[in-house]
Amino acid sequence: MKNRSKESVFGMCSRRDFLKYCTVMAASMGLPLAAGERIAEAMTDPKRPPVIWISGQGCTGCTESLLRTSHPTIDSLILDLISLDYNETLDAGAGKQAEEFMDRSVEANKGKFVLVIEGAIPTKDGGIYCQIAGEPFVKIVKEMADKAGAIIAIGSCASWGGLVASDPNPTGAKGAPEVLKDKAVVTIPGCPPNPYNFLSTVAYYITFKKLPELDKLGRPKFAYSRLVHENCERRPHFDAGRFAEEFGDEGHRKGYCLYKLGCKGPVTYNNCSILQFNDVGTWPVRCGHPCFGCSEKGVGFTIPLFVEADIKKDTVFTPAATPAGIKYERGGKVSGTAAGLVGAAIGAAAGAAAVTVTRMKSEDEK
Ligand code: FSX
Ligand code: SF4
Ligand code: F3S
């Protein structure tokens, strides 16, 4: 795949569409639009570093999620665009043949290739609970990481253990950052993660030869700096105190906020409510299901779904793109507020009949 020419990539989608895709990618990372051209140039360079994708304890949903991308025509382009040299699920070859191909690619691209780790890493009893070609996955991860140019942990399992590490964690499953303590590991949590967050991270690395800005958990800030709740389409209902109380009740049918059904959007950092999934404009909350907090360590697979998120009093949420302009006070009545609502201090007590939303002064007003 590394030898493909730029023309072969453009052959699968028009140059114009491809540039558009790269420009959108640049914008989603907060880069100037002109960076789109640079990304397009780097991503079609025949000498770009390959991606080696290894899988441990996971459900393969991370790879499945990658296959659901569709712009540009990703079903084939994804394999060329990022030069995916090894992925056990997608490889046509298997066994010795595939292993040898991977070894060759790793040796030829030492210090340059992007290592993607999918799934958790079992560490108990010498890591015997996940072995590939007779080798414990934990050993493979460490060896490959020493040779990689960049390391990406894709999915919650690889980022912090996810579902696999949930109590009682019989295999001692850990995320890649915990196993590779002395290395920089980018984490793209989510179960499954959004494939565009992954693609954008790879594109950034290939273009600028460095990693994008990360938060303290190794997450790219362009994707994980806002709470799911902040841009949720049901946010106006939350702000107005309109909640579904039970699955299938009138509030649920009307699309009210799912907070009381256990939605963890107010305590989960991810861009699901903006990016959505599968290019058909859907995501858990739009389907009527509360956010489970799948991407947030200590929330997903830890706090039961039915337990209300613990929103600390005085938490300040950045406003939704379309603020409700509604003030709701416990025991009070709903009233419209003036335009310019830019933030809300939310206090919610477990089991309380309502949330309190207090209007705050905008920067301009201050
Ligand atoms: Fe984990 Fe990947 Fe969840 Fe599944 O393999 S992040 S279980 S969607 O897919 O690792
Ligand atoms: Fe959306 Fe959940 Fe927040 Fe309600 S609590 S606004 S459903 S993210
Ligand atoms: Fe996961 Fe919640 Fe997004 S469950 S996919 S973080 S909406």
Side-chain angles (χ1 to χ4, degrees), residues 156 162-163 166-167 189-192 194 224 226-277 281-337 341-360:
S156 295
L163 168 72
S166 55
D167 193 42
C191 189
N194 196 305
Y224 295 91
R226 303 285 298 268
L227 291 160
V228 167
H229 177 76
E230 292 180 16
N231 286 294
C232 176
E233 62 226 32
R234 296 185 191 231
R235 171 77 185 278
H237 291 302
F238 176 91
D239 290 354
R242 291 188 294 263
F243 301 100
E245 305 275 344
E246 279 180 33
F247 284 98
D249 71 3
E250 200 193 341
H252 195 225
R253 290 199 302 276
K254 283 183 168 167
Y256 287 179
C257 170
L258 304 171
Y259 176 74
K260 290 190 179 180
L261 298 180
C263 185
K264 306 296 188 296
V267 290
T268 300
Y269 287 90
N270 207 336
N271 56 3
C272 315
S273 46
I274 303 167
L275 218 50
Q276 305 170 359
F277 284 87
T282 193
W283 64 291
V285 167
R286 181 160 297 172
C287 302
H289 196 283
C291 165
F292 180 51
C294 77
S295 62
E296 198 69 31
K297 186 177 183 183
V299 179
F301 312 108
T302 306
I303 304 172
L305 177 60
F306 55 84
V307 172
E308 284 180 15
D310 184 16
I311 306 174
K312 301 280 179 263
K313 191 164 166 37
D314 299 331
T315 298
V316 176
F317 293 121
T318 317
T322 50
I326 284 174
K327 184 177 177 185
Y328 188 86
E329 286 168 359
R330 197 188 306 270
K333 57 180 194 296
V334 178
S335 62
T337 59
L341 185 77
V342 296
I346 315 291
V355 292
T356 305
V357 178
T358 311
R359 180 170 181 266
M360 295 181 71

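Numbering of residues begins at 1 and proceeds along the displayed sequence.
Scored by the side chain to side chain donor-acceptor pair (under 3.5 Å) test, S295 finds N270 as partners (sequence neighbours excluded). Partners of E246 according to the side chain to side chain donor-acceptor pair (under 3.5 Å) rule, which considers only residues two or more places apart in sequence or in another chain, do not exist here.
Within a 6.0 Å sphere centred on OH of Y269, other residues, nucleotides and ligands contribute 12 heavy atoms or fewer.
Between the side chain of Y224 and the backbone N or O of P189, at least one donor-acceptor pair lies under 3.5 Å. Formation of a donor-acceptor pair under 3.5 Å by the T268 side chain with backbone atoms of V228 is not found in this model. Under a 3.5 Å cut-off, the side chain of N194 and the backbone N or O of Q276 do form a donor-acceptor pair. Judged purely by atom type and a 3.5 angstrom limit, R234 uses its side chain to pair as donor or acceptor with the backbone of V285. Side-chain N or O atoms of K264 include one that pairs as donor or acceptor with a backbone N or O of V307 at under 3.5 Å.
For the atom pair N271 CG and L227 CG, the distance stands at 12.0 Å (nearest 0.5 Å). Distance OG/S273 to CZ/R226: 8.5 Å, rounded to 0.5 Å. Once rounded to the nearest 0.5 Å, the distance linking CD of E296 with OG of S156 reads 9.0 Å. A distance of 7.0 Å separates CD in E230 from CZ in R235, rounded to the nearest 0.5 Å. In this structure, CZ on F238 lies 15.5 Å from OH on Y256, to the nearest 0.5 angstrom. Taking CD1 of I303 as the start and CD of E308 as the end, the distance is 12.0 Å to the nearest 0.5 Å.
Here the shortest heavy-atom pairing between A309 and V267 reads CB-CG2, 3.9 Å. In terms of heavy-atom proximity, G251 sits nearest to A244 at C-CB, 4.0 Å.
Ring pair F301/F292 is perpendicular by interplanar angle, where above 60° counts as perpendicular and below 30° as parallel. Below 30°, between 30° and 60°, or above 60°: for F247 and H289 the angle between ring planes is between 30° and 60°, a tilted geometry.
Side chains of H229 and I311 form no contact here, defined as non-hydrogen atoms less than 4.5 Å apart.
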* Between W283 and C232, does a side-chain contact (heavy atoms from CB on, under 4.5 Å) hold up when you go through it step by step? -> CA-CA 10 Å; W283 64 291; C232 176; 3.8 Å; yes
